[in-house]
Amino acid sequence: MKLRCRILCLLTLLLILPALSAQADLVNHGPHGEFFFDEDTGLYWFDPAVFADQIQVTIDLFATHSTFWSWAGSAQVDALNGRSSAGGVHLEEILGTPYLSGGVYRWLGLYDGSSTEGWILQSDDSPAFTTITQSSHQGGAASLYPGAWLVSNSDPAGLAVLFDVGDGGEYFYDSLTGLYWCDPVTFVGMTRPEIETWLGTNSDWRWAALAEVFALQGKMTYWPGPLTDVMGDGQMQNPSVARWIGYYAESGSPDGLILQTDFAPSLHFINAASTQGNVGSWSPGAWIVSDVCPTPTVDINWSRVKTLY
């Protein structure tokens, strides 16, 4: 009788183990596979290499101001050790471009807002490379061109959406905050006083604060198309990067803000922000926002506005 109970317990355990293993799958996620999802914890992760060309200060601005992304702690990254890819695909399809490849695959990223410390996940289960087999701390990571370990409790592909709106696509709408934005390029060629006059005539609109502009980081287009289709042309724009520069609510120094996407070739989400001093020499636009669905803006003759000064 005892032997039968032991056999039944063993069979039950064997049935449970595959179910537990299935819960630990890592799934590729995002319109261009730039995220991955951990089915075991329900957390969403950026592929670490997305931030490999950015310095820690820029990544920290992203993590600080983004609505739902934050730095991962070492324990969170370490908990990915032992996870396997959904469907048994190569982990490079899930975690993105590795830091090192060949005999082993390694992914390196800064974590927890540190300026130097990194964490490595490694797979050496050749030739399949479907399971994370090692996890370790990496000192002095900032000099090794690391990426970053950023994590979210919410699905970024479902929340962070910017829509092109307006009769001529001259505005864009942030579905997460409910704010409407003028395409920054609308104000290129105007001085700050001229924009102030425009705001006085178009009462639905106001200057955006730094935190509101920087909170656009992590947001992406509704369809996997470039942000230039939604936000208008950037002052710098080529197949590898698009950058928008504009005045904002602060009139002192620094008087300008920059948003950038360099996730080529799609250029579909904002992944960097910074301040800009002496912005008038950079052909700036402006960061102008509305809390309500705007009525059509009053048509102003720009040459007439210029005569006011």
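This is a predicted model, so every value here is computed, not measured.
Electrostatic pairing of D25 and R83 does not count as a salt bridge here, judged by no charged N lying under 4.0 Å from a carboxylate O. One finds a salt bridge joining D291 and R206 here, because a Lys/Arg side-chain nitrogen approaches an Asp/Glu carboxylate oxygen to under 4.0 Å.
No donor-acceptor contact under 3.5 angstrom links the side chains of D47 and W107, judged on distance only. If you check the side chains of D38 and T41, you find a donor sitting under 3.5 Å from an acceptor. For the residue pair Q260/W244, the side-chain donor-acceptor check at 3.5 Å is not satisfied. Between D255 and S253, the side chains place no donor N or O within less than 3.5 Å of an acceptor N or O (distance only, hydrogens not considered). Judged by distance alone, the side chains of E34 and H268 do bring a donor and an acceptor atom under 3.5 Å apart. At a cut-off of 3.5 Å, with distance as the only test, no side-chain donor of W119 or S136 sits close to an acceptor on the other residue. Using a 3.5 Å distance cut-off with no hydrogens or angles, the side chains of Q134 and D124 do pair a donor with an acceptor. A donor atom on one side chain and an acceptor atom on the other are not found under 3.5 Å apart for H137 and D78.
I59 and L108 are members of different hydrophobic clusters when ILVMFWY side chains are connected at heavy-atom separations under 4.5 Å.
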Working for side-chain contact (heavy atoms from CB on, under 4.5 Å), residues V77 and S74: CA-CA 5 Å; V77 185; S74 58; 5.9 Å; no

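For the pair R243 and W282, the NZ or CZ position fails the cation-pi test of under 6.0 Å to the six-membered ring centre and within 45 degrees of the ring normal.
With W45 as the fixed residue, the side chain to side chain contact (heavy atoms under 4.5 Å, CB included) test singles out one of L26, L80, L150, I94: L80.
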